[in-house]
Amino acid sequence: MAKTCNVALIGQGFMGRTHSNAYLKVSKFFTDLPVNPVMHTVFGMENENPQVFASRWGWKNYSTDWKKVIANEEIDFVDIVTPNHMHMPPAMAALEAKKPVGTEKPIAGTLADARAMVEAAKKAKVPTFVWYNYRRCPAVALAHQLVKAGKLGRIFHVRCVYLQDWGGPDTPLLWRFQKKLAGSGAHGDLNAHIVDMARFVTGDDIVEVSGAVAETFIKERTIPTTGAAGGIAAGAKGSAKKGKVDVDDAVLFLARFKKGAVASFECSRLATGYKNQNGFEIHGEKGALRFRFENMNYLDYYDATVDPKIQGWTSIICTSGANHPYVSAWWPDAHILGYEHGFVNQAADIMMVLGKKTPTVPLPDFADAYETQRVLEAALLSAANRTPIKISEVK
Ligand code: SOE
């Protein structure tokens, strides 16, 4: 009989829904997990109606006191989906209680918070996780496996983008536009994902960042009257009063990897025409890979080792069953997966780690997510000082 793990979810909002859905589904599709999650308690603030969220999503209990939730002896795993500045306090409390803990990305609102969390995790010696969900798209996991198997050989170029367009002037001053709540703007929200993906797929680390440009196009936004709790602007309305935006709308930068590849990263919330387009192109001496989330079931591969007469891009449908990562848990061949499956796949991998088994592909823990955070910090420093920044200087 598989063991069970009582989960506490700290927070609600958009990510609260994706994680709740993952815990609801995971044991139904991944039928041989060493540990199965039990949706024990969800925390939400009084004005967020956690009782409604709990009954809608199948949480057995709800609470408006996160400290009590974490201290409850019945809780085995603490999962945090609050706005970024609120990741550290519950994470520290969980680690203090020697409980495994996960957070939404980025690991924290500031590098200092992230560092404190890494140090506390080292002392606690319990598993930690950061939900970089795009790693768990079958196509992205396959890209990681292909690079690891040497299919690209030496990597020369890494080109990453994360483009959205919901941040126009009519979008109110949600928490994502406030430094004290979010840490940074599109950068920590979107570049965080593609820096993680680039490090994950290449298996290499970024050592230097340069040429960074950060821009806030919309400098003031209306104070929201609804929908401020998080997620994209859905349902949010602005009042007549305006407040100052103190984070970026877009950040672009260049980077160097340890093994010699050069890279570019670009994120924006004002990339008109793109709703949630993240992706990468990676060029190596033996081949190349290309991924775009808006077509997430496909990975493009170029094999430069075959006869030049037949060289060309191949579009691989990564949910076609042929041992593609995660796919055996889901539907018959090519019955296509979506955004939410990445979260279910992540919940499965977390349960594997908690059950001392190997996940399908590596999961980012606090220490790994801290490395991504250092790269993000370096880019902001590079933009502010108009100079290259070595990651070794960012602590
Ligand atoms: C909003 O920009 C957002 O919801 C991000 O916070 C998520 O991490 C991303 O996956 C989708 O867009």
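Each ligand, and each atom within it, is numbered from 1 in the order the structure gives. The analysis underlying the following values was restricted to heavy atoms, covering all of them including side chains, and did not include hydrogens, waters or symmetry mates.
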Subject >> Numbered atoms and elements of ligand 1 in range of F14, under 4.0 angstrom, heavy atoms >> reply: 4 (O)
Original post:
What atoms in ligand 1 come closer than 4.0 Å to a heavy atom of Y134?
Top reply: 9 (C), 10 (O), 11 (C)
Original post:
Using the ring of each side chain (for Trp, its six-membered ring), is Y339 parallel, tilted or perpendicular to Y134, with breaks at 30° and 60°?
Top reply: tilted
[X]: heavy atom below 4.0 Å from ligand 1, yes or no?
| X | value |
| --- | --- |
| E104 | no |
| R269 | no |
| Y162 | yes |

**OP:** Kindly determine whether H40 and I75 satisfy side-chain contact (heavy atoms from CB on, under 4.5 Å), including the steps that lead there.
**Re:** CA-CA 7 Å; H40 190 289; I75 297 299; 3.4 Å; yes
Subject >> Within reach of ligand 1, part of N276 (heavy-atom separation under 4.0 Å) >> reply: side chain
Subject >> Location of contacts on L190 toward ligand 1, heavy atoms closer than 4.0 Å >> reply: side chain
Original post:
What's the verdict on side-chain contact (heavy atoms from CB on, under 4.5 Å) for H193 and K105, showing C-alpha distance, side-chain angles and the deciding distance?
Top reply: CA-CA 8 Å; H193 277 300; K105 50 52 65 172; 3.5 Å; yes
Subject >> H144 vs R135 side-chain heavy atoms within contact, under 4.5 Å >> reply: no
Original post:
Counting only heavy atoms not in K151, do more than 12 sit closer than 6.0 Å to its NZ atom?
Top reply: no
**OP:** Looking only at distances, please establish whether an N/O atom of ligand 1 is found under 3.5 Å from an N/O atom of D189.
**Re:** yes
Original post:
Within 45° of the ring axis of F53 and under 6.0 Å from its six-membered ring centre, is that where the NZ or CZ of R17 lies?
Top reply: no
